[in-house]
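Report on one structure; see the data block that follows.
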Amino acid sequence: MALEDIRPGLVGEVSKKVTRAMAVNRPKTPQGGVLSTPALVSLLENAGIKAAERYLPKGYLTVGFHVDVRHIAPTPVGMEIRAKAELTEINGNKLTFAVEAHDEEKKVAVGTHRRAIIQVPPANQSQ
């Protein structure tokens, strides 16, 4: 696998059960609250990472630099959430993903996420 193999249509998915640590409104709701938007965005970012990471040579990674997501429905603690990112555009080292998330009953998020492919400098061995 190589950078040249990164093409539109690549898909990454991440699934996770919503925990109290991922929720907001914990003290106000006995059932533990609902999935927070920051936790949702983290799942969507991880789906984008998963779509591209297998094609990156050693010493490269992707970093997020733009998120535009609508969190359209609540997901309660205990429910499974699935985040999906599909690569739609490549412009130089910039990747654009269409992202969405579904819980066990409904779509809960939709949007776009952009990541950049960067080369990680070697660790300084003299320290």
Side-chain angles (χ1 to χ4, degrees):
M1 302 286 178
L3 287 174
E4 301 81 44
D5 295 322
I6 297 178
R7 300 185 191 283
L10 295 177
V11 174
E13 291 191 31
V14 175
S15 295
K16 190 167 186 173
K17 183 177 256 188
V18 177
T19 65
R20 287 180 64 87
M22 299 165 67
V24 294
N25 299 327
R26 293 179 295 247
K28 297 179 182 180
T29 53
Q31 59 274 58
V34 295
L35 179 67
S36 72
T37 301
L40 171 66
V41 168
S42 177
L43 290 169
L44 293 167
E45 278 196 292
N46 283 319
I49 291 167
K50 195 167 187 175
E53 71 183 350
R54 65 185 174 268
Y55 299 101
L56 299 174
K58 185 176 179 166
Y60 286 80
L61 55 81
T62 63
V63 293
F65 68 92
H66 182 90
V67 178
D68 184 3
V69 173
R70 287 182 38 224
H71 192 167
I72 55 179
T75 300
V77 167
M79 194 173 274
E80 188 82 12
I81 184 130
R82 185 181 79 252
K84 177 182 172 184
E86 180 175 351
L87 184 59
T88 58
E89 183 181 340
I90 303 168
N91 184 2
N93 72 325
K94 309 273 190 317
L95 309 175
T96 301
F97 295 91
V99 295
E100 63 182 43
H102 293 82
D103 64 23
E104 297 166 21
E105 300 172 351
K106 64 202 168 296
K107 183 184 281 191
V108 299
V110 63
T112 57
H113 175 49
R114 297 187 69 206
R115 302 190 67 77
I117 299 169
I118 64 165
Q119 188 170 13
V120 180
N124 186 345
Q125 301 296 325
S126 65
Q127 292 184 1

With sequence neighbours excluded, residues passing side chain to side chain donor-acceptor pair (under 3.5 Å) with Lys106: Asp103
State the [atom1]-[atom2] distance between [X] and [Y], to the nearest 0.5 angstrom.
X: Glu53; Y: Leu10; atom1: CD; atom2: CG; result: 12.0 Å
X: Thr62; Y: Ile49; atom1: OG1; atom2: CD1; result: 5.0 Å
X: Thr88; Y: Glu86; atom1: OG1; atom2: CD; result: 7.5 Å
X: His102; Y: Lys107; atom1: NE2; atom2: NZ; result: 5.0 Å

Between [X] and [Y], which heavy-atom pair has the shortest distance, and what is it?
X: Leu87; Y: Leu95; value: CD1-CB, 3.7 Å
X: Ala51; Y: Gly12; value: CB-N, 3.4 Å
X: Val18; Y: Pro76; value: CB-O, 3.8 Å

Can a donor-acceptor pair be found, under 3.5 Å and without considering hydrogens, that links the side chain of Asp68 to the backbone of Thr112?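 Not confirmed, Asp68 side chain does not pair with Thr112 backbone.
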Using modelled atom types and a 3.5 Å cut-off, is there a donor and acceptor pairing between side-chain atoms of Glu80 and backbone atoms of Glu104? no
Please tell me whether Ile6 and Tyr60 are part of a single hydrophobic cluster in this structure, the criterion being side-chain heavy atoms less than 4.5 Å apart.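 Yes; tracing contacts between hydrophobic side chains, which count when under 4.5 Å, links both residues.
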Same cluster (ILVMFWY, side-chain, under 4.5 Å), Val110 and Val69: no
Out of the candidates Lys50, Arg82, Lys84, only one should pair with Glu13 under the salt bridge (Lys or Arg N to Asp or Glu O under 4.0 Å) rule; please name it. Arg82
Close side-chain approach of [X] and [Y], heavy atoms under 4.5 Å:
X: Lys94; Y: Phe65; value: yes
X: Asp5; Y: Arg54; value: no
X: Ile90; Y: Pro8; value: yes

Arg114 versus Thr96, side-chain donor and acceptor atoms under 3.5 Å: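 Judged by distance alone, the side chains do pair up.
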I'd like a table of donor-acceptor pairs (distance under 3.5 Å, sequence neighbours excluded) in which one partner is a side-chain atom from residues 32-48, with atom names and distances.
| unit_1 | atom_1 | unit_2 | atom_2 | d |
| --- | --- | --- | --- | --- |
| Ser36 | OG | Met22 | O | 3.1 |
| Ser36 | OG | Ala39 | N | 3.2 |
| Thr37 | OG1 | His71 | ND1 | 2.8 |
| Asn46 | ND2 | Ser42 | O | 3.1 |

